[in-house]
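Following: one structure in structure tokens, then a few remarks.
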Amino acid sequence: MTSVLPAMNKLLAVTGAGLLITLIIVLSVPIDTAIDATRFDRASLCSEPSVDTAFSRAALNQLLSAAPPPDCAGIVSLPYRSHADGTLLTRSNVARMARAWYRVRYDIPAGWKSDDQLMIYSPRVMGVAWAARVNDQIVSDNLDDWRMTWNRPVVVRLGSAHFHPGDRLDIAVEIAYEPQIGHALAHLSVGPANVLAQRLAIREFLQFIMPVACSVTLLAMGVFFLLFWWSRRAERTHLFLALSCIAWCVCNLQYVLPRREDPVLNAWYSAVAGPSIAWVMWLIYLFVLQLDTRFSRVVAIVMPPFVLIMSFLALPVVPLNENVGTFYQGTNLAVAALVAARIGWVAIRGGSLELRIIAAALGITIVSGAHDVGLLAQRIDHEGIFLLPYCSMLLFGSFLFAVQRRYVHAINEYDVLSSSLAQRLSERERELQANHARLLELERAQTLAAERHRLMHDMHDGLGSALTTSLAMIEQGNVDGAELKSLLLDSVDDLRAVIDSLEPLDGDLISVLATLRFRLGKRLELAGIGLEWDMHDLPALSWLGPPQALQLMRIVQEVLTNVLKHARATRMQISAHCNAPFIEVCITDNGRGFDTATTSTGRGLRHLAQRAASLNGSVIIESQPGDGTTVRLLLPIEIRVSDQ
């Protein structure tokens with residue numbers, strides 16, 4: 001399965017590439033038709049004097065509906081742009097407006113199919129509005145969208161009911177225009193609709209659909225980086241990038257959104273969309289400053305008031321706001337070129353790779369902006385499309401490259417830092433392990449020393465004392481065989497208790513008592529004393545270590561020794577049960593007992609109390625003459641740190 005998946009992925013990649021190539025080939029193959037469209041490179045042109053006309057659909061309709069002149073003697077080459085009359089353009093709700101007619105004659109081919117439509121198509125026209133006439137009859141106009149004349153092609157579809165094969169059609173494109181600006185028309189094509197529709201589709205895709213896609217992409221990028229900045233407000237780079245995207249999205253709206261018919265609303269629309277390119281350049285400069293702080297004092301001082309002035313000039317309350325065409329955009333272009341030149345100079349003189357790519361994108365954008373200004377004035381590329389919407393993606397692609405480079409650099413620094421920290425952590429871990437090993441060795445040595453000292457102390461007090469006493473009796477000649485035997489047996493029991501206390505216990509009290517039972521059971525049996533064993537489930541004692549186990553063994557051992565020596569008992573019981581918060585160990589015999597009220601406390605009983613106190617416990621002795629003795633050892637289940 002692991003080897004099959006890569007092969008399938010490669011097959012899908014090859015298949016996808018093949019499908020894309022097939023799509024390009026299919027779209028590139030021209031439509032096979034018996035009748036091709038006719039492209040007119042020349043047209044008759046005539047015009048009439050200007051008249052005062054209101055900027056409204058009704059007034060333009062009245063102007064375009066007037067009867068055309070009977071004939072146009074002048075012949076011009078297409079594309080054609082008229083000369084402006086040189087007067088100053090001043091606008092209000094009413095302006096001087098004239099009409100111009102571009103006339104061509106088209107003969108319907110004899111093989112024309114009766115169900116085919118005729119299309120009249122020109123990729124670009126310059127004027128206020130246009131109407132199309134066929135044989136002096138208006139067949140179409142753009143009055144429903146006349147405010148977008150500057151960025152919409154001339155498209156007229158004519159059904160076969162208006163003509164027959166072999167007819168000659170007198171086609172006129174009528175343009176309402178302002179003499180101060182002039183008029184223009186690109187090449188005019190007439191022919192079957194199915195032939196020209198492909199050209200129209202490509203034009204609409206490049207001139208309308210793609211700018212819409214660019215605007216949506218810019219808006220999405222702006223919102224994304226704005227949210228990113230909101231979560232990390234110290235990163236002003238993302239703020240300026242977000243604002244630049246949003247500002248350019250507003251700038252692109254004028255290419256795709258229809259203008260408002262209402263003059264007031266349209267004026268305010270232009271007031272926002274018009275100066276947006278100035279805001280774009282200022283925000284781009286602020287973004288670049290986040291990458292390279294070598295700013296220009298001139299740009300820093302001039303740009304803010306320039307943006308404010310251009311925004312003010314675009315307001316409807318300013319009389320010059322209508323004259324925002326070529327001159328206005330040309331001014332923005334000139335200032336943008338200065339800013340781009342400054343950024344390019346900084347990039348050349350020691351700038352980073354990101355800054356150089358941004359400078360190159362800005363250079364392409366400035367050239368494209370100059371192209372668009374020339375296209376808007378119909379000075380160059382009469383059939384071209386506006387390039388600034390595409391340059392927005394190019395420029396912001398360079399911005400994304402800069403941001404991506406910063407993130408990659410940050411990630412690489414993070415990886416280096418992580419590697420360094422991991423190495424330092426590994427070194428610290430090795431040092432800690434070495435220190436821990438030395439500490440364990442030191443603790444082991446200290447434990448062995450303490451245990452050696454404890455054993456020496458215990459053997460000195462217990463086994464050493466008994467052996468010294470036995471040796472003294474032998475040296476003095478006062479050898480009592482029974483007493484000497486008892487001392488030696490006590491010494492052996494004490495030595496066994498010391499050895500048994502070194503066994504692992506895990507807090508098991510029953511194991512300690514069972515070990516004593518095994519060691520002392522033989523002595524009890526030889527003495528004729530029967531032993532009863534009564535043990536219940538007991539909790540583990542966390543404090544029960546070897547030293548504590550030895551003290552416990554000696555307590556029980558001393559009680560058993562007293563029973564053997566003095567009690568004359570025949571039966572003994574050792575029991576243990578839990579009586580929270582204590583564990584109670586009871587040693588009971590049926591010996592002769594004694595009166596605890598009258599019997600003075602000897603050294604043996606004091607030793608019992610001292611040893612029990614060392615375990616944070618206590619000893620209770622209950623006895624009556626002739627009624628045996630009970631020794632209760634109370635041991636705590638838990639010992640607080642302060643009690644240790």
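Since this is a predicted model, take the numbers as computed values, not measurements.
Cation-pi geometry between R152 and W150 is not met at under 6.0 angstrom from the ring centre and within 45 degrees of the axis.
One side chain, R406 or T237, offers a donor N or O that lies under 3.5 Å from an acceptor on the other. Donor-acceptor pairing under 3.5 Å is lacking for the side chains of R103 and S44. Side chains of H187 and Y121: a donor-acceptor N/O pair is absent below 3.5 angstrom, by distance only. In this model, no donor atom of one side chain and acceptor atom of the other lie less than 3.5 Å apart for R57 and Q62. S140 and W130 share no side-chain donor-acceptor pair at under 3.5 Å.
Other residues, nucleotides and ligands place more than 12 heavy atoms under 6.0 Å from the CH2 atom of W282. The environment of E383 atom CD is dense: over 12 non-hydrogen atoms of other residues, nucleotides or ligands sit within 6.0 angstrom.
H238 and F224 have their aromatic ring centers separated by at least 6.0 angstrom.
In this pair, Y106 and W112 present their aromatic rings perpendicular. The plane angle is above 60°, beyond the 30 to 60° band. Ring orientation note: the planes of F228 and Y407 are nearly perpendicular, at an angle over 60° on the 30°/60° scale.
Counting heavy atoms from C-beta outward, I171 and F40 have side chains that stay 4.5 Å or more apart.
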### Query
Could you go step by step and tell me if D41 and S77 meet the side chain to side chain donor-acceptor pair (under 3.5 Å) rule?
CA-CA 6 Å; D41 296 326; S77 297; over 6 Å; no

### Query
Taking it one step at a time, do R405 and S352 satisfy side chain to side chain donor-acceptor pair (under 3.5 Å)?
CA-CA 10 Å; R405 289 269 297 183; S352 61; over 6 Å; no

Please tabulate, for side-chain N and O atoms in residues 239-258, each donor-acceptor pair with protein atoms closer than 3.5 Å (sequence neighbours left out).
| residue | atom | partner | partner atom | Å |
| --- | --- | --- | --- | --- |
| S244 | OG | F240 | O | 2.7 |
| W248 | NE1 | N252 | OD1 | 3.4 |
| Q254 | NE2 | C251 | O | 2.9 |

